[in-house]
Number of protein chains: 2
Amino acid sequence: MEFEPEALQTRMKHFKEQLRRAGVKATHQRLEIFREVAKSGDHPDAEGIYKGVHKRVPTLSLDTVYRTLWSLLDLGLITTLGATRRRVRFDANMSSHHHFICAKCGMTRDFYSKKFDTLEIPAAVKALGIVEKTQVEVRGLCISCSKEDNSKSNVSHIKEGK
Amino acid sequence: MEFEPEALQTRMKHFKEQLRRAGVKATHQRLEIFREVAKSGDHPDAEGIYKGVHKRVPTLSLDTVYRTLWSLLDLGLITTLGATRRRVRFDANMSSHHHFICAKCGMTRDFYSKKFDTLEIPAAVKALGIVEKTQVEVRGLCISCSKEDNSKSNVSHIKEGK
DNA sequence: TTCCTAAATAAGAATAAATACTATTTAAGA
DNA sequence: TCTTAAATAGTATTTATTCTTATTTAGGAA
Ligand SMILES: [Mn+2]
Ligand SMILES: [Mn+2]
Ligand SMILES: [Zn+2]
Ligand SMILES: [Zn+2]
């Protein structure tokens with residue numbers, strides 16, 4: 001869903017406010033990187049973001065793009081798509097099923113639901129292309145991670161895990 | 001969902017059959033790599049698979065693991081988890097929404113559905129951990145990709161795209 | 001069974017995404 | 001304006017994945 005110019009401006013205002021609340025500096029780079037992600041209905045990768053912002057901020061470094069994106073993720077101001085971890089994971093279960101994914105350690109478990117298998121796809125989606133399959137992704141904290149998670153509630157973007 | 005020993009054996013038999021039908025050789029490495037993915041309820045990455053199979057096939061190379069996994073993906077005998085592309089993609093839309101993803105070019109579009117926002121999570125899933133959010137992933141072919149896709153219906157694992 | 005050959009593999013080099021390091025710059029509060 | 005911790009640029013490094021090439025092998029033919 002695209003955001004109109006006004007909506008973008010509103011979002012930028014909110015963004016600055018949230019930065020202040022989080023006690024992090026509202027740098028030019030941060031604002032522009034967020035703007036780049038927020039302004040498009042697409043879901044750009046780091047390099048696309050880098051290229052887009054670089055036009056406006058020629059001194060920008062790729063390192064800053066990554067650092068900024070991960071910190072915005074930690075602050076809950078953006079999300080990542082698909083897998084939490086960057087490595088590709090494989091699945092030999094070809095029967096219709098769904099996944100529970102731990103946001104902290106990446107643990108992924110299958111589950112089954114007739115109801116989820118037969119969700120009715122909105123007409124607006126069918127207009128985007130040919131639908132082949134539908135899967136539900138439930139995200140949260142697995143039991144062992146939620147145990148560790150007392151006090152230090154830091155679900156930063158994952159490095160290691162099962 | 002774990003597979004009992006018998007179930008695994010049945011799956012291995014089916015697997016060999018499918019290899020034969022596809023006209024590709026049933027090498028020791030292929031069988032063991034598939035077995036490794038099929039036998040666990042986990043969703044291992046290439047390195048995990050390599051380590052597991054390496055115990056049984058000490059000459060195995062990591063390259064073979066990747067090559068085999070991608071070809072099994074192309075044959076439709078396994079799937080990958082999460083994003084089709086390996087690069088991480090970012091999303092500044094923090095409102096509750098869902099995604100349509102083109103399996104060929106990776107194009108990803110938001111869509112909205114009250115129904116999908118309020119899916120009731122099965123009890124079995126709640127037993128796995130604390131549920132934080134639920135998202136529906138609709139996969140298929142976007143309009144422009146489905147146009148190209150006449151005749152050569154080869155949705156092999158993606159390299160480039162928008 | 002033995003032979004043949006295209007297909008598959010091992011090993012290691014190469015590439016590309018992501019991260020770490022360090023000297024320099026800057027936001028924002030005093 | 002001054003100060004300083006936080007953030008950045010630029011570069012080096014790491015790590016996941018892919019490529020290259022010489023060697024091996026599955027499986028069909030003889
Ligand atoms: Mn699965
Ligand atoms: Mn989205
Ligand atoms: Zn976990
Ligand atoms: Zn497409």
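Throughout, protein chains are lettered first and strands after them, A, B, ... in sequence-line order, and every chain is numbered starting at 1. This structure is a prediction, so every number in the text was calculated from the model and none was measured.
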How close or far is atom [atom2] of [N] from atom [atom1] of [X], stated in whole angstroms?
X: B:His28; N: D:dT24; atom1: NE2; atom2: C1'; value: 14 Å
X: B:Arg30; N: C:dA8; atom1: CZ; atom2: C1'; value: 7 Å
X: B:Phe90; N: C:dA18; atom1: CZ; atom2: P; value: 7 Å
X: B:Glu32; N: C:dA8; atom1: CD; atom2: P; value: 17 Å
X: A:Leu31; N: D:dA7; atom1: CG; atom2: P; value: 13 Å
X: B:Ile49; N: D:dA16; atom1: CD1; atom2: C1'; value: 14 Å
X: B:Arg20; N: C:dA7; atom1: CZ; atom2: C1'; value: 17 Å
X: A:Trp70; N: C:dT19; atom1: CH2; atom2: P; value: 6 Å

Proximity to the side chain of [X] - top-ranked nucleotide from [options]:
X: B:Lys25; options: C:dA18, D:dG10, C:dA8; result: C:dA8
X: A:Leu60; options: D:dA9, C:dT9, D:dA16; result: D:dA9
X: A:Glu47; options: C:dA11, D:dG10, C:dA17; result: C:dA17
X: B:Asp63; options: D:dA7, C:dG12, C:dA8; result: C:dG12

Looking at [X], does any N or O in its side chain come under 4.0 Å of the phosphate oxygens OP1/OP2 on [N]?
X: A:Thr27; N: D:dT8; answer: yes
X: A:Gln29; N: C:dT26; answer: no
X: B:Thr59; N: C:dA10; answer: yes
X: B:Thr64; N: C:dT9; answer: no
X: B:Tyr66; N: D:dT18; answer: no

Subject >> Residue whose nearest DNA chain D nucleotide is more 5′ - B:Ala26 or B:Leu62 >> reply: B:Leu62

Original post:
Side chains of B:Val53 and B:Gln29: does their closest heavy-atom pair fall under 4.5 Å?
Top reply: no

**OP:** Would you give the length of the straight line joining atom CG of B:Leu73 to atom OG1 of B:Thr79, rounded to the nearest 0.5 angstrom?
**Re:** 7.5 Å

**OP:** Look up atom CH2 in B:Trp70 and atom CD1 in B:Ile78, then write down how far apart they are to the nearest 0.5 Å.
**Re:** 8.0 Å

Original post:
What does B:Arg67 touch in the nucleic acid at a heavy-atom separation under 4.0 angstrom: a base, only the sugar-phosphate, or nothing?
Top reply: base

**OP:** Look at A:Lys51 together with A:Glu47 and state whether they make a salt bridge at an N to O cut-off of under 4.0 Å.
**Re:** yes

**OP:** Consider only side-chain N and O atoms of B:Asp110 and B:His98, and report whether a donor and an acceptor are under 3.5 Å apart.
**Re:** no

